[in-house]
Amino acid sequence: MLTFQTLQRRAALIRAIRCFFLDRDFLEVDTPARTPAPAPEACIEPIPAGSWYLQTSPELYMKQLLAGGCPRIFQICGCFRQGERGERHLEEFTMLEWYRSESSYQDLMADCESLLNFLARECASFPGITGRGSALLVGGQRIELSPPWERLTVARAFARYTTSAPVEALASDRFDEILCQEIEPRLGHGRPCLLHDYPAELGSLARLKSSDPGVAERFELYINGLELANGFSELTDPGEQRRRFELEREKIRAQGREPGPMPERFLVALQDMPESAGIALGVDRLLMLLLDTGRIDDVVTFVPEEL
């Protein structure tokens with residue numbers, strides 16, 4: 001169980017996040033935590049809750065709100081993913097997600113720069129923050145927060161840090177392994193890094209780049225080698241989204257799991273969703289950085305072993 005001081009700091013961070021979005025005309029929403037049909041994703045295993053599932057992300061329901069006419073929304077909520085336990089992972093964790101219509105992943109990158117600078121100023125007394133909120137101090141390393149942050153394409157990251165290319169890594173089914181072991185630990189030192197333009201095969205729910213259909217408008221934010229956020233220019237083509245979901249369902253079956261029902265209501269709503277961008281940011285991981293700790297156990301109220 002956390003100390004009273006750490007509980008106070010966690011509460012202060014969540015309060016500051018709410019202030020940031022409310023001051024910018026975002027509407028806070030509260031979507032269901034149980035769902036009959038989560039998004040099929042081979043790399044994520046949902047936890048059953050009766051005949052339904054605990055949400056792995058509020059993404060599908062927040063996008064249905066966008067389709068219904070909400071232009072700017074955010075949510076801070078618990079998410080659940082089976083089998084995730086380690087120094088940086090928990091099966092139950094806190095996610096911040098925000099979506100904005102008539103926007104792209106470039107707007108979300110700017111949001112990240114503004115949000116982190118705002119939070120660092122608001123939480124300037126935290127042990128992982130220095131320079132009156134102008135920088136982080138993580139493991140003795142200073143990380144400047146002033147924008148612009150480094151923007152690095154996936155292709156350039158592979159060329160800089162590995163002897164492989166993304167297309168070769170995908171062909172040998174080693175993309176995730178190379179990314180995690182050879183690239184991620186080197187990102188976000190000195191200043192945050194926005195790794196962007198993932199191969200189209202890893203587009204997930206992101207649209208492809210019109211000037212280069214070989215990549216998807218997807219990015220991830222790294223600070224001190226820690227993945228903090230994952231954002232997209234959202235795919236709004238229901239047919240293409242269904243095709244991608246079917247591929248993921250085949251991968252899930254190949255893993256020996258049942259994929260669960262297709263999220264049909266989401267696919268119907270997608271045809272009415274305007275051009276939008278959305279992002280998920282790990283609140284627990286953010287607090288790890290702001291408190292200068294490498295263990296997620298140090299920032300959550302209780303860990304499973306204490307229950």
Side-chain angles (χ1 to χ4, degrees), residues 10 13-15 17-18 20-22 24-50 52-82 84 89-101 103 105 107-108 111-112 115 203-207 218-221 227-236 238 241 244-245 248 259-270 272-274 276-287 300:
R10 184 178 175 91
L13 172 63
I14 291 174
R15 187 164 58 246
I17 291 171
R18 283 201 166 92
F20 177 87
F21 286 101
L22 294 174
R24 288 159 179 77
D25 294 328
F26 280 77
L27 177 68
E28 183 169 11
V29 299
D30 183 20
T31 58
R34 290 176 67 241
T35 175
E41 295 180 273
C43 61
I44 296 175
E45 186 171 355
I47 297 175
W52 289 12
Y53 302 89
L54 297 176
Q55 67 176 353
T56 58
S57 158
E59 179 172 7
L60 301 191
Y61 294 123
M62 293 185 75
K63 288 182 180 177
Q64 289 181 58
L65 293 178
L66 286 176
C70 298
R72 291 182 171 209
I73 52 177
F74 79 100
Q75 181 166 195
I76 302 168
C77 62
C79 292
F80 306 85
R81 297 180 181 182
Q82 189 146 276
E84 300 202 3
H89 297 87
L90 284 172
E91 286 194 333
E92 178 179 357
F93 57 98
T94 303
M95 188 88 89
L96 161 68
E97 292 209 13
W98 72 94
Y99 293 82
R100 42 190 301 169
S101 61
S103 302
Y105 70 155
D107 298 304
L108 295 178
D111 281 351
C112 288
L115 174 64
S204 186
L205 285 82
R207 75 185 182 205
R218 171 186 173 188
F219 75 96
E220 293 190 354
L221 166 61
E227 180 206 334
L228 193 61
N230 185 16
F232 305 147
S233 299
E234 300 292 351
L235 178 65
T236 56
Q241 189 63 77
R244 294 187 193 180
F245 279 167
E248 290 298 307
M262 185 71 87
E264 296 290 350
R265 290 181 187 272
F266 163 72
L267 291 170
V268 170
L270 197 57
D272 295 323
M273 194 172 89
S276 304
I279 181 170
L281 185 150
V283 174
D284 306 313
R285 288 188 172 191
L286 174 59
L287 189 55
V300 297

Indicate yes or no: at least one non-hydrogen side-chain atom of Arg207 is less than 4.5 angstrom from one of Phe232. no

If you measure from OH on Tyr105 to CG on Asp111, what distance do you get to the nearest 0.5 Å? 15.0 Å

Examine distances only and state if a side-chain atom of Arg81 and a backbone atom of Thr56 form a donor-acceptor pair shorter than 3.5 Å. yes

Residues, nucleotides or ligands: over 12 heavy atoms within 6.0 Å of Arg34 CZ: yes

Quick one, Gln75 and Asp30 - any side-chain contact, counting heavy atoms below 4.5 Å? yes

Could you check whether any side-chain heavy atom of Arg285 comes within less than 4.5 Å of a side-chain heavy atom of Glu227, counting everything from C-beta outward? yes

Do Phe21 and Ile17 have side chains that get closer than 4.5 Å, going by heavy atoms? yes

Using only atom types and a distance under 3.5 Å, with no angle test, would you say the side chain of Arg244 pairs donor to acceptor with the backbone of Ala206? yes

Carefully, step by step, assess Glu97 and Ser57 under the rule side-chain hydrogen bond (donor to acceptor under 3.5 Å, both in side chains). CA-CA 9 Å; Glu97 292 209 13; Ser57 158; 2.6 Å; yes

How about Pro263 and Phe245: do any of their side-chain heavy atoms sit closer than 4.5 Å? yes

Within the structure provided, determine whether Leu115 and Leu281 are in side-chain contact (heavy-atom separation under 4.5 Å). yes

Return the set of residues passing ring-ring contact (aromatic ring centres under 6.0 Å, His included) with Phe20 (not counting sequence neighbours), or none when no residue passes. Phe118

Report yes if some heavy atom in the side chain of Trp98 is under 4.5 Å from a heavy atom in the side chain of Ile279; otherwise report no. yes

Without swapping roles, check the side chain of Arg218 against the backbone of Ser204 for a donor-acceptor pair under 3.5 Å. no

Counting N and O atoms only, with roles assigned by atom type, does the side chain of Arg18 sit under 3.5 Å from a partner on the main chain of Ile76, one being a donor and the other an acceptor? no

Could you measure the distance from the OH atom of Tyr61 to the CD atom of Glu59? Nearest 0.5 Å is fine. 12.5 Å

For a quick test of reading the model, state the closest non-hydrogen atom pair linking Ala280 to Met95 and the distance between them. CB-SD, 3.6 Å

